[in-house]
Structure formats: structure tokens, C-alpha cells
Amino acid sequence: MPEKPYNPREIEPRWQREWEKTDVFRADAHPSRPKYYVLEMLPYPSGTLHMGHIRNYSIGDALARYKWMRGFRVLHPMGWDSFGLPAENAAIQNNRDPGEWTRSNIAQMKQQHRRFGFSYDWSTEISSCEPEYYRWNQWFFLKMYERGLAYRKQAQLNWCPRCQTVLANEQVVNGCCWRHEDTAVEGRSLEQWFLRTTDYADELLSDLRQLAGGWPERVLTMQRNWIGKSVGTRVDFLLEGSEEKITVFTTRVDTIYGSTCVILAPDHELVSRFGFEKQAEKMIRSRASSNPADVEKEGVDTGRYAINPYNNERVPIWIGNFVLLEYGSGAIMAVPAHDQRDFEFCRKYGIPIRPVIRPVDGPLAEEPTMEEAFEGYGVVENSPPFSGLASEEAKQKMNAWAKERGFGRGAITYRLRDWGISRQRYWGTPIPIIYCQQCGVVPVPEDELPVLLPANVKLTGTGQSPLRSVPEFVNVDCPKCGGKAERECDTMDTFIDSSWYFYRYCDPKNNRAPYDTAKVAAWFPIDQYIGGIEHAVLHLVYARFVTKVMRDLGLIGWNEPATRLFNQGMVIRDGAKMSKSKGNVVDPDSAVEQYGADTVRLFSLFAAPPEKDLDWQDAGVEGMHRFLGRVYRFVTRNATGNGSPNGEPSNDTDRALLRKLHQTIQKVTNDFETRWHFNTSLAAIMELTNELYARESEISTGVVQETLTKLVLLLGPFAPYMAEDLWHELGKEGTLLHAAWPDFDPELAKEDQVEVVVQVNGKLRSRLAVARGADRAELERLATMDPKIAPYLEKKTVRKVIVVPDKLVNVVVN
RNA sequence: GCCCGGGUGGCGGAACUGGUAGACGCAAAGGACUUAAAAUCCUUUGGUGCUAUGCACCGUGUGGGUUCGACUCCCACCCCGGGCACCA
């Protein structure tokens, strides 16, 4: 058949229309097959796709298509997040309706996705900014409220001056807002709604173990650090001259006999009672305005004393700027001899330093001369009745001792905080709560859900909850007593939406429940979740938490949402990462315009293994386009179009080509099943193409047809438009997606001639062409007889000959 | 400071279990086709040296070690990226 030029501009829209018409990506198309749920993380709510997304989706789509071809029924859904802040900012800056802005952005992003030909089942499409999604967010919130998992408190919170709203701890990155990397967050005291993530801290931590292997190690580590479990002891020091207690938390109770003072956080309640408010306020201010690690330790002596309950020793009470109220109990015992930080503090203020732990194989350090506090475990000294015990054992006994006498107990502390979900913004799910003058906090009755956002709200971006200014929204009758009441005016963090969207996908139209338990159970858990590392302690913590809560509500029957997680690397150009703040360094739309979606997708998979950062190079994209053109032209000019290949080899060239074909199938299949190093898969496909070009005139027609058919199948997951088009050029019926992935014959893939290298003392000296499977004696004989080897053996003794069949012979001489 | 990654040609990267370092692609050079250009196709391409179509030596951040053999394993160090960090 005549050669055709490769024209993605014609091919891609045509197949896009065809796929939409025939609904090829429907997840329920093959109910008898095993299930596979592949999901890419939702796009950032920025409104447009950047190359990083394209890479994310190209990986997911390649996998989904591969799984289809391996005979799975695949759920590969796509939906839309709330775009809370961008929508509202567009409203403030350009006087647009946030709803209208959001819908037009969704339309635009959907258009981009369709153009790229991703294999989504659009019948599962959801939008978290629609009333029905609000309803189930609110329903879920109320269920948590009923169980005490949602509560309200006044708290010092992180405030982003650019977003004009509070942020959760997870949303603060290096002291700055996660959206505005150059804007420092401020502290602000507000009354807020919280979800009790800390109730699940232990489970969130221990279940990481069951994710090991399926999730990247660094994500597990980050979550482990984030949860920050410390096992230790709470000890009550008595305030001298009163019945009051000061509780301290320590992980090293074995050092308590070396404690020479107690230090309170500046915001500890006793500080103001002792009359040190002014000094404390200064400390808090200076801490808030600079990087905590750089602030010098400062303290104030309160002049009061506490009693160490273990030895009844009287120790001074200080206030220290480095002690945090939120962690542990807001007060510490300082052990300067065995803690670097305490050492620094106590040396500065001349507080005694008293060693009580000695290294197992060394003496107890001498008191004031030591420059470095010994932080290790060792043997406890000067601590009657615990002297002579090893640290670990001492801890156990001292815990028990404290418990017996009622002044302390073993305790666990977490770094994780409860999730603050109130946002002083308009475009989000309203928190379904009413405040009644008589009844107090009253949840909105379930049958009145959803509480919807009022229209025509004047958005000013001043940091006040915009809903507060809408009297029709604020003023309601109390559902309990019918009296005057007001609605909660804050909206929910949009991370709530994304923490359960993967369940809603399984039952997107349900209007009686967030989802049907049986429908969700048919797809879950997510077999493969794919997304960027930036959500390691954000979305991925929230999603795990929400899954556990939903399990406890009886909605689902498992502990973790996703068994496998894959983090793709970032797309970089000239060292600039593509992110929400830097914008698009490479614009996907213009790249598609120029080269077509297949080329862009292929390059995003070829230039680096998917977990590594990818350096975008325009020249490289052109190379990819060249490769696709090469394949396209070769297939069209060699296709007989009769659709029935006869792959019987009739000469050595045929056999060599078939061998290469089977090697390629083996390589690509193996990459899909293990490491996803699609760059090497594509390299193998290129090698096969090069081989075809080199031998075009010598190969028999049947073998060419078979090779081309399988080559096109191999390209299916990577360049789906072109592969589909060639599939039909080869005379095939139906979509390639539903054709079977080609099998390889390991026997055919094996070379029958192998090159065996000959080394002398490990240095490469010669190569032998040998039939595969030659035995050791034969190889040794051939190697030592080799004319290139002979000179190296002259006047030497052969001490040993190492033979690796089909690989090498190493002759050891001296 | 602690915990993860990583360091290979001019560039992106390959080498999967210790067994031919540099696959594949880019860039570059030369050639074919063409009135010409683009496109396409073919060839060469880690470095140095030579008596040069081949051969020798060097070469995977640095220095040691294990081994017949090390990009790969062990020890020490340097550099780059990321995470955590007054967390008691």
C-alpha cells in the first residue's frame, strides 16, 4: 500500500470523535473481567493544565490502556475539584461569578483532557462544587459532629494574608502558604471547626506498615515524621507552696534525676498567673516573626520552684521561648547534661548541669566541663533507687513507680494536630451549623441539606467571611426551638472534597447517600494511585483519615484507600519547576498544536523514568515526532490491509526479526509489570523500528505483517491515536484498546548466537561468537585457543578459568 | 543536626541478580536525494595516544577495601536535590 504521511492533526480529532461516539472507555463494558482501579490525582485548582499534569495523566493512561489490553475492566475516572480560591479571586479581581468562572474552567480543562485522548470513563464525572456534592460533604460533617469528631474551639491559627483565610497545619510549607511560597503565614486567633485527626494518629501511623511496598518509601517517611509519635512519660511536678501541678512530658524519664529546672512555654496558663505576660508576649512575637531554628534561646526566671516527685528536689521554674504550648504539655523538665538544647539554655543562665547517664563502656562525664550533652542511652547513675539500670529498663521501672505513686504515667504524644477546616471564604461547602441564642450549637437537620451558597454576594477579599454580609443566609429560625438563630458563615476547606472523591466516582449520581456501599466495594481499594509528591502530608493524610472515619461510620470495610501509590517527578525547564506559582513553563496546548497529543505524551514518558524529574527539551520533542512519523510511514507502506498475518519465518532475516520482536514484547511487558521505566520500553520499540528499516527489503510479507501488528499493539498505551489509526490501516476491526496485549515466546526471544567475551585477569581481550548454550569446557577451550588471547598466556601460569555460560570467560593468570 | 533520594559522554538517560559501561534519543560532523531548501534516508560520534580500517591506555563524584571481575557490594569523605527540625 502507498506510504502515507503522518498527520496527527487529521488523525487525532477523528479518533477522538470515534471514541466518544462508541464509549470505548466505559468501566462497566466488561462486567465479567477482573477489576482495576487506576486514578490520577486531581489537578491543582489553578484552572489550566500544565506539563506536570500531562505527565501524570500520560502515566496513568498508559497503565489503564495496558490493563484494558491485559483483559481487565478498568475504572479510570476524571472529575473536578472545587477551585475555591482561584474562583473567588477571579470574582474579586474581574467581577466574575465564581460559579460561572468555575464552569468555564472545567469546560476548558475537560477539552484539554479530551484532546490528549486520555481513556477516562466520562460517565463517572463529578464536580465537587455542585449542590449534590455539598450535600454529602455536609452530611459527612454532621455524622462526624454526632460522634464528636468535629468540634469548635478558639485557637491560634495560621493565616495567609494573600488568601485572606486560615490554613491547616499541613497547608503551611516552610512558614509560608502552600499556594504562596513567598508569603509568610501570620498567627491569628479565631473560633474554628476542627476534625479530630489526632484520634486516628496511632492508626494513621501503624497502618503505614501495610502500605509499605505499595507506597514510595519517602511518602511513608514523610507521613511518619508528620504524625511524629513520641513514647514517653508525663510527670507532675508540684508547684511549691500549693497543691497545683505542672505536668511535663519527656521521652527520657531515665534522665529525670539530672533535671535542674522546669521550663514553661510562654503561652502556658501559669505564665500570666505568675505575672510574666509582658515578657511572654514579646517571646511569642519574636518567635512568630522569624525562623524558629534561628531564634536564640531566651528565658525568664519566675522566682518560683517546683518539686521533682522522684527525689523531692526543689528546682526553679523558668519561662523559655523554645518551649511549645501545642506539643506535649506545654512545659518541660530541662536536663542540660543529656540534651543539647537544654544544655544551651542552662549554660546561658548558669543553671547547674548534672550528668546522670554514663555510656555503657565509659565513666560518668564530669559536671561543668562537658561541652556536648551526652544524648545517648546508657546506664543510669546518681538516681536512687534506679542507679545502675540501663536506660530502657530504668524507663520502664520509673514509669511504673510514678504510676504507683500517682504522680505520672507512660504517655504518647503526637506532632499531628487536629485538622482545622473553617475557611473565611465564599466558594466552598457551607458548614451546616446553626447557632441559637437558646439552644447553642445546633446541626442543620439532614432533610434540610444541602445548605447552599447564596447568590450575588459582594466579595471583597478582606478576610471577613463573605456569607456574614448576607442577612437572608445568616438569619434563620432555630431548627430545635424555632427562635432566632444564625448560621455558621465559614465554608469548608476544599481538601474535604478531594478526600473522598474517589469513592463518589464509583456511584456519581447517587442522591440518597454519598455512595452505595456495594458499588464502592466492587472497585475498591484503588489499585494504583498516581500523583505528585507535594500531597504526601496533605491530601494523602486527609484521604487516609477520611477513609478510616467512613469505615467507622459503617460505609466501607477497609482501612486504606489505595494499595499502591506512584509519585511522578516534576517537569522542569532550564531548572525552573512547573508549579502553580511559576505557571506553565511549557504550554501543553501549543505543544499539541505543533506536534500532536501522541508526541507530547510520548516525550513526557521517554525523556526520563517517570519517578524522576524531567527536563523539557523542545529538540527532544521533535525527535519523538520524528520517531512516530517513521513508524507511521513504515506501517502504511508495508501494510497489506488483509488483516491476517502469517508469521512463519522463511529465512534467517525473518527469524532474526521475529527474535527482536519477541524481545521487544518481553521488554515492554516486563516494564509495565515492574518498574514502569517507559523510557526503556520506548527505546526497545525504537530499536525494533530501526531493525525493520534496516531489513525492509529482505523480510517476507507475513513476518512483516505480524511484526507490524504487534508493534502497533505495543504502541497502543503510549501513542493511542496513532496506534488506533494504524490498527485500522492493518485491516483490523474494533478498537485496539479491546484487542489482546501480544504474548511473547521466551524461546523465540532467545538469541541462538551469542557473543561471549574473553577476559584475562578481568580485562576484556577478545570476543567469541558462539552458539547459545555452549558448555563450559567448550567455552574454555575456545577462549584459551583464541589467537588474541594466546600472547597473554605466554610464560604465565593459568591459575583459574571462570566461565559464565553465554556471557564470558575470564582467564586468571600470573 | 537527623532522615530519604541522587552524582555515568556536549545533553536527557541505559546497564533489572557483581559479568561487554555509554542502549535509545537529542545535539554535532560527513554523505545520498534535490536547481535549492525543508523533509527523508545512510554513516561517524566517551577521552587520550599510536607504527591508525586495528591496537593500547584511561574512564561511572573522591579516596580506600572485598572480588577472578565493581556504575553495581563494604568503609570514609565531597557535592547536588528533597523532607523534617528548638517536638522535650
Side-chain angles (χ1 to χ4, degrees), chain A residues 3 5 173-174 216-226 228-230 232-233 248-253 255 259 263 265 287 291-297 320-324 326-335 339-342 344-345 413-415 533-534 536-537 570 602-603 606-609 611-624 626-627 629-630 633 667 670-671 674-675 677 679-687 689-690 693-694 755-767 788 799-804 806-814:
Chain A
E3 177 181 303
V173 179
N174 293 329
E217 193 49 47
R218 63 175 169 156
V219 173
L220 301 179
T221 307
M222 282 166 78
Q223 292 213 358
R224 223 171 268 131
N225 287 342
W226 189 259
K229 180 178 181 172
S230 299
T233 312
V248 304
F249 175 75
T250 176
T251 55
R252 292 297 304 270
V253 71
T255 66
S259 168
I263 311 176
R287 184 163 68 187
N291 186 350
D294 303 337
V295 177
E296 209 200 322
K297 287 180 185 46
N321 63 342
F322 63 94
V323 181
L324 304 173
E326 316 86 71
Y327 189 79
S329 58
I332 64 164
M333 61 168 205
V335 185
D339 182 290
Q340 200 71 73
R341 189 199 45 199
D342 294 349
E344 238 179 90
F345 184 85
T413 303
Y414 297 93
R415 209 189 77 105
I533 186 70
E534 65 277 6
V537 291
M570 285 183 307
L602 217 56
F603 180 73
F606 177 71
E611 73 276 9
K612 278 188 71 172
D613 286 352
L614 178 153
D615 190 31
W616 191 272
Q617 293 182 340
D618 288 330
V621 184
E622 250 167 81
M624 227 55 245
R626 215 152 33 219
F627 164 67
R630 240 165 107 77
R633 289 190 306 274
K667 171 80 191 139
N670 188 44
D671 277 337
T674 57
R675 310 183 299 165
H677 280 197
N679 53 332
T680 60
S681 312
L682 289 166
I685 295 173
M686 286 174 181
E687 279 185 57
T689 309
N690 292 345
Y693 266 79
E755 195 182 61
V756 170
V757 282
V758 184
Q759 298 177 336
V760 178
N761 288 344
K763 276 197 186 289
L764 176 66
R765 297 300 178 189
S766 181
R767 296 154 201 270
K788 284 179 186 160
R799 309 207 61 183
K800 208 196 301 186
V801 178
I802 287 140
V803 180
V804 182
D806 297 337
K807 283 256 161 109
L808 67 80
V809 179
N810 189 10
V811 185
V812 186
V813 298
N814 64 359

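Lettering follows sequence order; numbering is per chain, from 1. Excluded from the calculations below are hydrogen atoms, water molecules and symmetry mates; all remaining heavy atoms, backbone and side chain alike, are included.
Close to B/U20, at under 4.0 Å from its OP1 or OP2, lies no side-chain N or O of A/R765. For the OP1/OP2 pair of B/C24 and a distance below 4.0 Å, the side-chain nitrogens and oxygens of A/K667 include no atom meeting the criterion. Using a 4.0 Å cut-off, some side-chain N or O of A/N690 falls inside it from OP1 or OP2 of B/G25. An OP1 or OP2 oxygen of B/G12 is reached within less than 4.0 angstrom by no side-chain nitrogen or oxygen of A/N679. OP1 and OP2 of B/A39 both lie 4.0 Å or more from every side-chain N or O belonging to A/R626. Using a 4.0 Å cut-off, some side-chain N or O of A/K763 falls inside it from OP1 or OP2 of B/C58. For B/C86, neither phosphate oxygen OP1 nor OP2 lies less than 4.0 angstrom from any side-chain nitrogen or oxygen of A/K297. Residue A/R630 places at least one side-chain N or O under 4.0 Å from the OP1 or OP2 atom of B/C41.
A cation-pi arrangement is absent between A/R341 and A/F322 under the rule of less than 6.0 angstrom and at most 45 degrees off the ring axis.
Across the C1' atoms, B/U45 and B/C26 are found 13 Å apart, a figure rounded to whole Å. B/C55 and B/U67: their C1' atoms are spaced 28 Å apart (whole Å). Between B/U66 and B/C74, the distance separating the two P atoms is 15 Å to the nearest Å.
Residues A/I332 and A/T250 form no side-chain contact, since every pair of their non-hydrogen atoms from C-beta on lies 4.5 Å or further apart.
Remark: B/C50 base-pairs with B/G54. Criterion, Watson-Crick or G-U wobble with two distances under 3.5 Å. With a cut-off of 3.5 Å on both Watson-Crick or G-U wobble distances, the partner of B/G81 is given as B/C4. Across all strands shown, B/C11 pairs with B/G25; the Watson-Crick or G-U wobble distances both stay below 3.5 Å. Shown here, B/C73 forms a base pair with B/G65; the pair counts as Watson-Crick or G-U wobble because both key distances fall under 3.5 Å. Remark: B/U40 base-pairs with B/A32; criterion is Watson-Crick or G-U wobble with both hydrogen-bond distances under 3.5 Å.
Residue A/A619 has its side chain nearest to B/A27 when only B/A27, B/G83, B/C42 are considered. In the set B/U20, B/C16, B/C24, B/C16 carries the atom at the smallest distance from any side-chain atom of A/N670.
A donor N or O paired with an acceptor N or O is found under 3.5 Å between the base of B/C68 and the side-chain atoms of A/N810. The base of B/A88 sits with one of its N or O atoms less than 3.5 Å from a complementary donor or acceptor on the side chain of A/R341.
Summarising the geometry, the separation between CZ on A/R218 and C1' on B/G81 is reported as 10 Å, rounded to the nearest angstrom.
Classified by its glycosidic torsion, B/G47 falls in the anti category, the angle being over 90° from 0.
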Walk me through it: do A/H677 and A/D671 pass the test side-chain contact (heavy atoms from CB on, under 4.5 Å)?
CA-CA 6 Å; A/H677 280 197; A/D671 277 337; 4.3 Å; yes

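In terms of heavy-atom proximity, A/M333 sits nearest to A/R252 at CE-O, 3.7 Å.
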